[in-house]
Amino acid sequence: MAQRVTYRRNNPYNTRSNQIKVVKTPGGILRAQHVKKQASRPKCGDCGIALPGVSTLRPRQYATVSKTHKTVSRVYGGSRCANCVKERIVRAFLIEEQKIVKKVVKEQTEAAQKAEKKGKKN
């Protein structure tokens with residue numbers, strides 16, 4: 001005959017947060033053991049891949065572990081993956097280069113206009 005087990009918490013329903021596993025105790029009694037929900041891996045905010053080097057925990061557990069479990073030693077450590085950080089750096093560099101090129105072109109056109117005005121006066 002199968003032995004019945006009852007929930008040990010006040011919630012009497014089979015919900016996602018109230019899952020149990022039946023365990024036999026050393027006294028030979030079957031006892032309901034509540035199972036914690038599975039944690040999902042932290043994802044990159046840009047591309048969505050799982051972040052390597054960051055531990056997989058339930059949200060509240062991040063408060064109790066040390067910083068080394070939550071980040072990697074890089075800019076945007078526990079938030080973006082290495083490839084996305086590299087892309088951001090390259091993009092920022094190219095934008096700055098573009099600004100410099102625009103400035104140089106503008107100066108050259110202004111100098112050409114000044115020379116043209118000078119040529120018309122003479």
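On a predicted model such as this, the values are computed, not experimentally measured, just so you know.
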When clusters are formed by joining ILVMFWY residues with side-chain heavy atoms under 4.5 Å apart, either directly or through shared neighbours, do Val23 and Ile20 land in the same one? no
Out of curiosity, does Val104 fall in the hydrophobic cluster containing Val101 (side-chain heavy atoms, cut-off under 4.5 Å, transitive links)? no
Are there over 12 heavy-atom neighbours, none belonging to [X], within less than 6.0 Å of that residue's [atom1]?
X      : atom1 : result
Arg74  : CZ    : yes
Glu110 : CD    : yes
Tyr62  : OH    : yes

Is [Y] close to [X] at the side-chain level, that is, under 4.5 Å between some pair of heavy atoms?
X     : Y     : result
Asn18 : Tyr13 : no
Gln3  : Ile29 : yes
Asp46 : Arg88 : yes

Out of curiosity, [X] [atom1] to [Y] [atom2], how far, rounded to the nearest 0.5 Å?
X      : Y      : atom1 : atom2 : answer
Leu51  : Thr56  : CG    : OG1   : 9.5 Å
Leu94  : Lys99  : CG    : NZ    : 12.5 Å
Leu57  : Ser40  : CG    : OG    : 10.5 Å
Glu87  : Cys81  : CD    : SG    : 8.0 Å
Arg41  : Ile49  : CZ    : CD1   : 9.0 Å
Thr109 : Lys114 : OG1   : NZ    : 11.0 Å

Determine the minimum heavy-atom distance between Val72 and Pro52, stating which atoms define it.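 Taking Val72 first and Pro52 second, the nearest heavy atoms are CG1-O, 3.8 Å.
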If every non-hydrogen atom of His69 is compared with every non-hydrogen atom of Val65, which pair is closest and at what distance? CB-CG2, 3.9 Å
Side chain [X], main chain [Y], donor-acceptor under 3.5 Å:
X     : Y     : answer
Arg58 : Gln38 : yes
Thr71 : Gly77 : no
Arg8  : Gln33 : no

